[in-house]
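Heads up: the structure comes next, in structure tokens.
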Protein chains: 2
Amino acid sequence: MKQVSEKVVSRLIIYRKYLKELLADGQKSIFSHKISAYTGASAAQVRRDLMNVGYNGTPVKGYNIKDLMTSISEFLEKENTIEVAIVGFGNLGKSIVDYCNGRNSRLSISAAFDTDPNKINRVIHGCHCYANTEMETIIKENKVEVAILAVPREDAQKVADKLVACGIKGILNYSPTRLQVPANIYVENRDMLMALEKVAYFANNVHGGKNK
Amino acid sequence: MKQVSEKVVSRLIIYRKYLKELLADGQKSIFSHKISAYTGASAAQVRRDLMNVGYNGTPVKGYNIKDLMTSISEFLEKENTIEVAIVGFGNLGKSIVDYCNGRNSRLSISAAFDTDPNKINRVIHGCHCYANTEMETIIKENKVEVAILAVPREDAQKVADKLVACGIKGILNYSPTRLQVPANIYVENRDMLMALEKVAYFANNVHGGKNK
DNA sequence: TTCGTAGTGTGAAAACGTTAACAGTGTTAT
DNA sequence: ATAACACTGTTAACGTTTTCACACTACGAA
Ligand SMILES: NC(=O)c1ccc[n+]([C@@H]2O[C@H](COP(=O)([O-])OP(=O)(O)OC[C@H]3O[C@@H](n4cnc5c(N)ncnc54)[C@H](O)[C@@H]3O)[C@@H](O)[C@H]2O)c1
Ligand SMILES: NC(=O)c1ccc[n+]([C@@H]2O[C@H](COP(=O)([O-])OP(=O)(O)OC[C@H]3O[C@@H](n4cnc5c(N)ncnc54)[C@H](O)[C@@H]3O)[C@@H](O)[C@H]2O)c1
């Protein structure tokens, strides 16, 4: 299978989102330079990125929005549904589930884990909360591949180790801990303070405003 | 002033965080290959990144942790304090303020804005919430340079336009809207669903686990 | 003092990502 | 039918980022 970079994947996700908006708007087709104007990538880059997904547009008409969306989705999510679990069902955890679930038909946050007895066995935002002790069973039974980490700093590494032991392959980490994991596990860190520090730097060191 | 790339800034922020941990641990000095092991950047890259901040280590002893931290901070935050405002003081907004404030002595989220009368003029997590109508006054008076956007999708663009008109130079955007802003405004988008989609992709397309 | 060691700083090479340029191609107008 | 057009797909040039490799240096040991 063709290997593509993080940057390409990130942009494809952005394109898909734009296409979704266009579709909701009733549009049928779109040109690379329009996608470019909206997303900030150059038109050449849009076309080049789309080469990866194996969908061909036509001159004059451009890309059929529906078909292109389908192709991007098939490229990004080969399996029909990817199961996601969230660990730490506090303020942040609940917000994430509320926001994400239902917005991508191939991604489903179907289980939460927490240590708080008040949360265990409750269903919040359509997501069942289990005790941490059930982690292995639930993850293996439901073939969960991706986990979102939203536990306090001091527990993050311990929980990550456990998730890895259960066979998780990717972690979206909202805790401020920099996780140490085996090389085949993909980690995306989303520390909010670091994000703010980065914006603060570039706000004071103008940089052309290129949006990643 | 030396122009450095987004990637360098992101890594410097990561290094600084690690240094902070080391200092809390009572350590005095550190080698590039140790920073490398923790952060995922190669040792050569660590050294190269540090060239930008103008601090020199010594062979055998490596880098003095305290001095290096100071140099990085002087590089990242030239001004003594950078004022930040948050717009949308809901679940997410409150969490962000709670988490970020007090963790970087040069960044301060000192004002919130909301349209909800129940929040206006209340102080939550040490942050005063103002009505949107006071935005221009407060931002200009307090020299706020950076804004965090945590309002619902439908209002995000409108609020961003207003922030730009008030003189904001950088936006950390947690709304799912892709903002259209002038080229000199720096925007960092942090859509949670997109982050999850990215992790889901790389969980299924192993990639060496390189943490960005 | 002299040597060996284990680090740093950095120029040069390699890898990677982006942009430019253009041939090829449906579509439309004539 | 044919020509003009406005786009796509793709190759090659370009620019940026990362790695390599090594001269240099502070220190500790003998
Ligand atoms: N709140 C934010 O916006 C924000 C921002 C940046 C970072 N963070 C980080 O995200 C994490 C969660 O933030 P929050 O605001 O949701 O906090 P929270 O206290 O509301 O939620 C934490 C949840 O994790 C659960 N938990 C604790 N230990 C656990 C364990 N070992 N296994 C499973 N669950 C466990 C708790 O019972 C609680 O429900 C923290 O690390 C925080 O530093 C939060
Ligand atoms: N909750 C999350 O974790 C999460 C995740 C991803 C994205 N988001 C996005 O972040 C935004 C906020 O999420 P939330 O969970 O905090 O929602 P929320 O409803 O709790 O908070 C939204 C807040 O914004 C205020 N608001 C509405 N319009 C405003 C305006 N024009 N000016 C100023 N304030 C205004 C509301 O009064 C409310 O206090 C939404 O766009 C949501 O889609 C949230």
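These numbers come from the heavy atoms of this one structure, side chains and all, not from hydrogens, waters or symmetry mates. Chain letters run A, B, ... following the sequence lines, proteins first, then strands; residues in each count from 1.
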Worksheet entry | B:N56, nearest nucleotide to its side chain (from D:dC27, C:dG9, D:dT8) | C:dG9
Discussion item. Without decimals, in angstroms, what is the distance between B:M51 CE and D:dT19 P?
Written reply: 16 Å
Worksheet item: Do A:S73 and A:R16 get their side chains close enough for a donor-acceptor pair, meaning under 3.5 Å?
Response: yes
Discussion item. Would B:K78 and B:F75 count as a cation-pi pair here, with the cationic atom under 6.0 angstrom from the ring centre and within 45° of the axis?
Written reply: yes
Item to complete: Would you mind telling me which residue lines up with the more 5' stretch of DNA chain C, A:D49 or B:T58, judged by nearest nucleotide?
Response: B:T58
Discussion item. Is it the case that the side chains of B:D49 and B:Q45 hold a donor-acceptor pair, with the cut-off being a distance below 3.5 Å and no angle test?
Written reply: no
Worksheet entry | Between D:dG9 (P) and A:L50 (CG): distance, integer Å | 8 Å
Fill in: Distance-only side-chain donor-acceptor flag, B:N204 / A:Y186, under 3.5 Å
no
Worksheet, complete the sentence: note: A:Q45, atom CD; D:dA12, atom P; distance rounded to Å ~ 20 Å
Worksheet, complete the sentence: Side-chain atoms of B:V60 come closest, of C:dA6, C:dG17, C:dT27, to C:dA6
Discussion item. Quick check on D:dT19: is either OP1 or OP2 less than 4.0 Å from any side-chain nitrogen or oxygen of B:S42?
Written reply: yes
Discussion item. I need the CZ-P distance between B:R47 and D:dT25, as an integer number of Å.
Written reply: 16 Å
Response to the item:
note: A:K7, atom NZ; C:dT19, atom C1'; distance rounded to Å ~ 14 Å
Worksheet item: Does any N or O donor sit under 3.5 Å from an N or O acceptor when you compare the side chain of B:R48 with the base of C:dG11?
Response: yes
Worksheet item: To the nearest angstrom, how far is A:N64 atom CG from C:dT27 atom P?
Response: 12 Å
Discussion item. Can you measure B:I30 atom CD1 to C:dA6 atom C1' for me and round it to whole angstrom units?
Written reply: 15 Å
Worksheet item: Tell me: CZ of A:F31 to P of D:dC5, nearest whole Å?
Response: 16 Å
Discussion item. Nearest to the side chain of A:Y63, heavy atoms from C-beta on, is which of D:dG9, D:dA26, C:dG9?
Written reply: D:dG9
Fill in: 5′-ward residue of the pair B:G62/A:A44 relative to DNA chain C
B:G62
Discussion item. Using 0.5 Å steps for rounding, measure from the OG1 atom of A:T70 to the CG atom of A:N64.
Written reply: 8.5 Å
